[in-house]
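For reference, the structure discussed in these notes is given below.
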Amino acid sequence: RTSAFATPSEADRAAKEFTYRLPGVVYQPFAVQRLTNDDYFDDDHFSNALVYRQWNNDLKRAIGLMKETKTPKEIVFMLSGAIRTLEHTHKSILRNWIWPLCPPPSCIAHIVTHFSFTDNRPNVNSDDPKGSPSTLGGIELERADELFNDANAGWLHPNNKTFLVHHHVAGYDIGSEAESKAMDVMEEEIGNLTVRSRLRMLRHGDPRRYSMWFARAWMWRFVKELEETTRSTAFDFYAFARPDLLWMVPSPTIQFFHYFHMTKTDAWVHDTNYGDVPDTFAYLPTNYAAEEYFSLERLVEPGMACLGGPNFNRSLVSMRFKELDIQTAETDWCGIPSHGWSEKILGRKMRRNLNVRHLPAGNAIVRPVDETVCQPLHP
């Protein structure tokens with residue numbers, strides 16, 4: 001921030017909130033030097049690996065002093081999306097996202113994965129909202145799930161107890177028959193006919209992004225069923241992230257969220273776009289906040305999702321609606337194109353009933369190798 005600003009910026013306030021520390025911990029961002037299949041966390045891959053190791057050593061000592069309780073916390077970590085570059089990001093997900101927030105023996109981490117082997121990018125030639133689904137190279141879908149299996153993740157097991165539980169939600173290809181059937185099932189479960197008709201409008205009018213929103217809601221549906229069938233209470237905390245997100249610095253500890261007096265309606269997101277809400281990750285302290293974040297019903301409430309945004313061809317969509325006999329009102333279309341951006345839609349949806357709080361984090365979206373490899377999300 002330059003001196004031209006007379007008052008603290010949103011980033012300044014967010015950084016002040018990010019002052020959680022364990023005693024003796026030195027915190028410093030790291031610069032990834034290169035992307036390979038090697039361990040990211042050795043001395044060659046970080047600008048100051050000794051600081052990283054000190055952070056982990058202090059955290060381990062702090063955890064070692066904790067008295068193990070009979071009922072450790074249980075946190076759900078949800079990963080949904082195209083696997084793209086998971087072979088490059090999965091170690092950082094385990095070590096820098098999950099482990100600091102949910103360390104054994106004080107916590108049991110439930111990892112819920114719902115992956116797709118296809119990637120659906122915008123079709124910049126025709127602006128067809130269906131996008132351009134393409135099969136991803138690299139890691140196989142079956143092996144992607146295995147990366148988070150308890151036996152393969154290298155997790156700590158104090159007293160021979162299991163503190164990492166993997167839950168597999170079957171994946172499908174974007175635009176496939178399996179995806180369509182899953183959408184039918186979930187929409188049939190919604191009793192409100194108005195909501196169902198509006199979901200159908202989004203499903204066929206903006207299928208590329210609706211596929212993303214639906215996949216996350218389908219995964220959340222699994223988590224709710226898991227709670228209903230195996231637990232008498234909700235989980236203690238919920239977190240969501242994209243699988244192509246590289247975590248270059250450790251996640252906040254659970255004490256951080258308690259320190260800042262988290263409430264039922266709090267939801268923590270990346271501080272990249274203060275006017276909008278990035279969909280890269282979210283910390284959701286309660287079941288209520290998670291339901292608001294993933295809900296498809298909330299998505300189609302008045303003033304939330306609209307038809308428009310980048311790479312959107314209204315003429316093509318109107319033709320498709322005519323073929324499917326889908327009726328729309330003028331208010332269903334985005335009056336201003338930028339109102340159709342995914343980040344703005346998510347922001348409107350969350351701010352309806354949640355207190356959106358911003359959190360700086362050292363992340364980068366790792367793209368396939370035929371594109372720009374890393375897209376930093378924070379300076």
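Shown here for Arg203 and Asp184, the closest heavy-atom pair between the two residues is NH1-OD1, 2.9 Å.
With a 4.5 Å cut-off on side-chain heavy atoms, Ile365 and Leu245 count as touching. Inter-residue side-chain proximity for Arg216 and Met78 is flagged as unmet; no heavy-atom pair is nearer than 4.5 Å. With contacts defined as side-chain heavy-atom distances shorter than 4.5 Å, the pair Leu199/Tyr210 qualifies. Arg348 places a side-chain heavy atom less than 4.5 Å from the side chain of Cys306. For the pair Leu94 and Trp99, the minimum side-chain heavy-atom distance is 4.5 Å or more. Side-chain contact between Val223 and Phe294 is absent, with no heavy-atom pair separated by less than 4.5 Å.
Hydrophobic clustering (ILVMFWY, side-chain heavy atoms < 4.5 Å, transitive): Trp341 and Trp213 are in distinct clusters. Hydrophobic clustering (ILVMFWY, side-chain heavy atoms < 4.5 Å, transitive): Leu202 and Ile190 are in one cluster. Hydrophobic clustering of Ile, Leu, Val, Met, Phe, Trp and Tyr side chains at less than 4.5 Å, counting indirect connections, unites Tyr288 with Leu299.
Within the structure, salt bridge (Lys or Arg N to Asp or Glu O under 4.0 Å) contacts touching residues 234-244 (residues at least two apart or in different chains) are Arg84-Asp244, Arg242-Asp244, Arg242-Asp279. Pairs of residues two or more places apart, or lying in two chains, never qualify as disulfide bond (SG atoms under 2.5 Å apart) while including a residue from residues 174-223.
Taking the six-membered ring for Trp, Phe321 and His204 have ring centres at least 6.0 Å apart. Aromatic rings from Tyr238 and Tyr293 are positioned such that their centres are separated by 6.0 Å or more. Between Phe222 and His114, the ring center distance fails the sub-6.0 Å criterion.
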Tell me, with the steps shown, if Leu296 and Glu187 meet side chain to side chain contact (heavy atoms under 4.5 Å, CB included).
CA-CA 9 Å; Leu296 288 180; Glu187 291 168 17; 5.8 Å; no
Start with the C-alpha distance between Asn353 and Thr265, add both sets of side-chain angles, then the distance that settles side chain to side chain contact (heavy atoms under 4.5 Å, CB included), and finish with yes or no.
CA-CA 7 Å; Asn353 293 313; Thr265 60; over 6 Å; no
Please evaluate residues Thr85 and Leu246 with respect to the criterion side chain to side chain contact (heavy atoms under 4.5 Å, CB included), reporting the C-alpha separation (whole Å), side-chain torsions for both, the decisive distance (0.1 Å), and the verdict.
CA-CA 9 Å; Thr85 49; Leu246 181 73; over 6 Å; no
Start with the C-alpha distance between Lys181 and Tyr172, add both sets of side-chain angles, then the distance that settles side chain to side chain contact (heavy atoms under 4.5 Å, CB included), and finish with yes or no.
CA-CA 11 Å; Lys181 288 181 178 179; Tyr172 43 69; over 6 Å; no
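Between Phe312 and Trp333, the two ring planes are perpendicular [angle over 60°; tilted spans 30° to 60°].
A salt bridge is absent between Arg208 and Glu179; no separation between the charged side-chain nitrogens and carboxylate oxygens falls under 4.0 Å. Note on Asp325 versus Arg200: no salt bridge recorded, every NZ/NE/NH1/NH2 to OD/OE distance being 4.0 Å or above.
Surrounding CD of Glu177 are at most 12 heavy atoms belonging to other residues, nucleotides or ligands under 6.0 Å away.
In this structure, the side chain to side chain contact (heavy atoms under 4.5 Å, CB included) partners of Val185, at least two apart in sequence or on a different chain, are Glu189, Trp218, Arg221. Taking Glu301 as the reference, Arg298, Met304, Arg352 meet the side chain to side chain contact (heavy atoms under 4.5 Å, CB included) condition, with sequence neighbours excluded. For Phe77, the ring-ring contact (aromatic ring centres under 6.0 Å, His included) partners at least two apart in sequence or on another chain are Trp97. Residues forming a side chain to side chain donor-acceptor pair (under 3.5 Å) with Glu188 (at least two apart in sequence, or on another chain): Arg196.
No option in Phe257, Tyr283, Phe281 other than Phe257 meets the ring-ring contact (aromatic ring centres under 6.0 Å, His included) test with Trp268. Of the listed residues (Val76, Ile108, Ile75, Thr286), just one forms a side-chain contact (heavy atoms from CB on, under 4.5 Å) with Phe235, and that residue is Val76.
A donor-acceptor pair under 3.5 Å links the side-chain atoms of Lys349 to the main chain of Ser295, judged by distance alone. Side chain of Thr89 to main chain of Pro243: a donor-acceptor pair is present (N/O by atom type, distance under 3.5 Å, no hydrogens or angles).
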